[in-house]
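Following: one structure in structure tokens, then a few remarks.
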Amino acid sequence: MPELPEVETTARLIAPHITGRRVKAVDVHWERTLGGQSPRELEDGVVGARITRVWRRAKWVVIDLERRKRPAGHLLVHLRMTGRLIAKDKSLDPGPYVRVSMPLDRGVLHFIDVRKFGRFHYRADLAQVFAKLGPEPLGEDFTADWLRAALRARKRMLKPLLLDQGFVAGLGNIYVDEALHRSGLHPLRRADRVPAKAARRLHGEIQATLTEAIEREGSSFDKFYRTPEGQPGSYQHQFLVYGREDKPCRSCGRTIRKFVVGQRGTHVCTRCQPAPRSV
DNA sequence: CTATGGCCCTGGTTGC
DNA sequence: TGCAACCAGGGCCATA
């Protein structure tokens, strides 16, 4: 499900259910979900610890832990394509796709993931995992001036660059397509050929798109993404290009086209987003 | 530094 | 109807 708005929604909605709770155990049903960590290492890290905060960095859900009132590492969860976190009553059946269950002193946190790409593991500190991430697009480091300068320094195509978590952290395929359309920029445009004015526009549209999507609790267009409360998000109703191939552009009427960029489905209105002259 | 392709997985949709 | 190919919101890794 998982781009910044969906992960943010997950963290926000899960927080009130698990903050302050103590971890009683951890049951691993699919070991590779731990991403190379052993069940023992995960267990040693989390069992007996108390959850103090739930937040988000990039597309990671971060669960801070403490022991005896002192910081004691973090549980890191990445939803990848089909991951979900839900906090439930212990008696409720989490279904066949539960990969990790973490019983708490009240309730239980389940990590559910059909495609098994997701990750759920313990880290004593965050430095290593977060070392290569770019700025948060809704954070104070992500300014229009920063983006303008950063684009000028890169020769890559805009879309793959914006999808690169080391450049800006949290955007995914949907919101990049949406933000580029709203900015009037073609996904194949070379970053260093984006004029300063357009870079500012892109900055504003990235922030607006993400903010509006968070307000609507993310996007749901198939059975996969649901909030931890089980409700679908509603931002999919606002899509301007994503999933709208062969339909008319909402601003100019031209037919939305879909093609592949960097192995990702890419949606564009060629009138609103003129193709670059060379490549 | 940049681009490309394979891979990890399962299930739903599409096309013959 | 049956079935195989293809596709999907992510990201890592090897290769050129």
Side-chain angles (χ1 to χ4, degrees), chain A residues 1-10 29-37 56-61 76-85 95-100 111-121 128-134 150-180 187-193 209-210 213-214 216-227 232-239 241-246 258-267 276 278-279:
Chain A
M1 345 181 206
E3 296 184 38
L4 188 153
E6 291 76 28
V7 181
E8 178 70 26
T9 299
T10 296
H29 305 110
W30 179 260
E31 197 166 328
R32 297 178 74 161
T33 293
L34 308 191
Q37 182 163 68
R56 177 196 60 76
R57 168 74 170 112
K59 297 175 192 171
W60 290 95
V61 174
L76 284 173
V77 184
H78 200 300
L79 277 25
R80 293 284 180 98
M81 301 288 268
T82 55
R84 295 183 59 189
L85 275 179
Y97 304 117
V98 197
R99 308 307 178 193
V100 182
F111 181 62
I112 296 167
D113 185 19
V114 172
R115 285 176 71 182
K116 300 175 175 173
F117 287 166
R119 291 293 179 265
F120 187 109
H121 49 86
Q128 198 170 352
V129 178
F130 291 172
K132 293 178 184 171
L133 292 176
L151 291 178
R152 204 163 45 195
R154 305 296 212 105
K155 296 184 199 290
R156 297 175 73 182
M157 296 182 293
L158 271 180
K159 177 158 179 177
L161 181 61
L162 293 173
L163 285 174
D164 184 343
Q165 302 298 295
F167 184 74
V168 180
L171 293 173
N173 204 39
I174 294 176
Y175 297 104
V176 165
D177 277 9
E178 292 296 309
L180 284 173
L188 297 181
R189 196 73 165 275
R190 266 177 57 158
D192 60 353
R193 292 183 185 168
T209 303
L210 295 174
I214 290 170
R216 289 167 178 73
E217 300 189 325
S219 308
S220 304
F221 43 81
D222 61 22
K223 61 184 289 187
F224 290 120
Y225 175 66
R226 290 296 178 277
T227 69
S234 63
Y235 190 72
Q236 66 277 13
H237 302 304
Q238 316 295 317
F239 288 168
V241 287
Y242 187 85
R244 299 195 66 249
E245 58 268 30
D246 302 328
K258 182 179 181 183
F259 56 101
V260 174
V261 177
Q263 293 119 235
R264 312 301 299 278
T266 298
H267 310 75
S278 54
V279 183

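To find a chain, count down the sequence lines: A is the first, B the second, and so on, and within it residues start at 1. All of these numbers come straight from a predicted model, not from anything done at the bench.
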Taking side-chain contact (heavy atoms from CB on, under 4.5 Å) as the test, write out the residues that go with [X], two or more places apart.
{"X": "A:Arg115", "answer": "A:Met81, A:Thr82, A:Phe117"}
{"X": "A:Lys258", "answer": "A:Glu245, A:His267"}
{"X": "A:Glu178", "answer": "A:Ile174, A:Thr209, A:Phe239, A:Leu240, A:Val241, A:Tyr242"}

Discussion item. I'd like to know if the side chain of A:Glu217 reaches the main chain of A:Ile214, judged simply by a donor and an acceptor atom lying under 3.5 Å from each other, with no hydrogens or angles considered.
Written reply: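 Side chain of A:Glu217 to backbone of A:Ile214, a donor-acceptor pair under 3.5 Å: no, none is there.
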Rounded to whole angstrom, note down the [atom1] distance from [N] over to [M].
{"N": "B:dG11", "M": "C:dG11", "atom1": "P", "result": "22 Å"}
{"N": "C:dC7", "M": "B:dG5", "atom1": "P", "result": "14 Å"}
{"N": "C:dC6", "M": "B:dC7", "atom1": "P", "result": "15 Å"}

Worksheet entry | A:Phe167: ring-ring contact (aromatic ring centres under 6.0 Å, His included) partners, not counting sequence neighbours |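 Scan of A:Phe167 (ring-ring contact (aromatic ring centres under 6.0 Å, His included), adjacent residues dropped) gives A:Trp146.
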Worksheet item: How does each nucleotide of nucleotides 11-16 of chain C score, in 5' to 3' order, for protein heavy atoms under 4.0 Å: base (B), sugar-phosphate only (S), or none (-)?
Response: S-----
Discussion item. A:Leu79 vs A:Val7, test: side-chain contact (heavy atoms from CB on, under 4.5 Å). Steps then yes/no.
Written reply: CA-CA 8 Å; A:Leu79 277 25; A:Val7 181; 4.3 Å; yes
Worksheet item: Quick one: on DNA chain B, does A:Leu161 or A:Arg115 contact a more 5' nucleotide (nearest heavy atom)?
Response: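 By nearest-heavy-atom nucleotide position, the 5'-most residue is A:Leu161.
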Worksheet entry | Range on DNA chain B touched by chain A - first to last nucleotide, heavy-atom distance under 4.0 Å |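 Terminal contacting nucleotides, 5' to 3': B:dT2 to B:dG12.
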Discussion item. Wobble G-U and Watson-Crick pairs count when both distances are under 3.5 Å; given that, what is the 5' to 3' dot-bracket string of DNA chain B, with | for pairing to other strands?
Written reply: .|||||||.|||||||
Worksheet entry | With A:Glu8 via side-chain hydrogen bond (donor to acceptor under 3.5 Å, both in side chains) - residues at least two apart |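 Result, side-chain hydrogen bond (donor to acceptor under 3.5 Å, both in side chains) vs A:Glu8: A:Arg12, A:Arg56.
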Discussion item. My understanding is that only residues two or more places apart in sequence, or in another chain, count here; which of them pass side-chain hydrogen bond (donor to acceptor under 3.5 Å, both in side chains) with A:Arg57?
Written reply: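 In terms of side-chain hydrogen bond (donor to acceptor under 3.5 Å, both in side chains), with neighbours along the sequence ignored, A:Arg57 is linked to A:Glu136.
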Practice prompt. Find the distance A:Ile174:CD1 to C:dA8:P and express it as a whole number of Å.
Written response: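 Roughly 12 Å, once rounded to whole Å.
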Discussion item. Expressed as a whole number of angstroms, how long is the span from A:Phe221:CZ to C:dA8:C1'?
Written reply: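 Those two atoms, CZ and C1', are 8 Å apart.
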Discussion item. Just by distance, no angles: are the side chains of A:Gln236 and A:Tyr225 close enough, under 3.5 Å, to form a donor-acceptor pair?
Written reply: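 Per modelled atom types, A:Gln236 and A:Tyr225 side chains form no pair under 3.5 Å.
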Worksheet item: With sequence neighbours left out, what residues match A:Lys159 under salt bridge (Lys or Arg N to Asp or Glu O under 4.0 Å)?
Response: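 Partners of A:Lys159 under the salt bridge (Lys or Arg N to Asp or Glu O under 4.0 Å) test: A:Asp177.
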Worksheet item: In chain order, what residues pass the salt bridge (Lys or Arg N to Asp or Glu O under 4.0 Å) check against A:Arg156, with sequence neighbours excluded?
Response: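 Applying salt bridge (Lys or Arg N to Asp or Glu O under 4.0 Å) to A:Arg156 gives A:Asp164.
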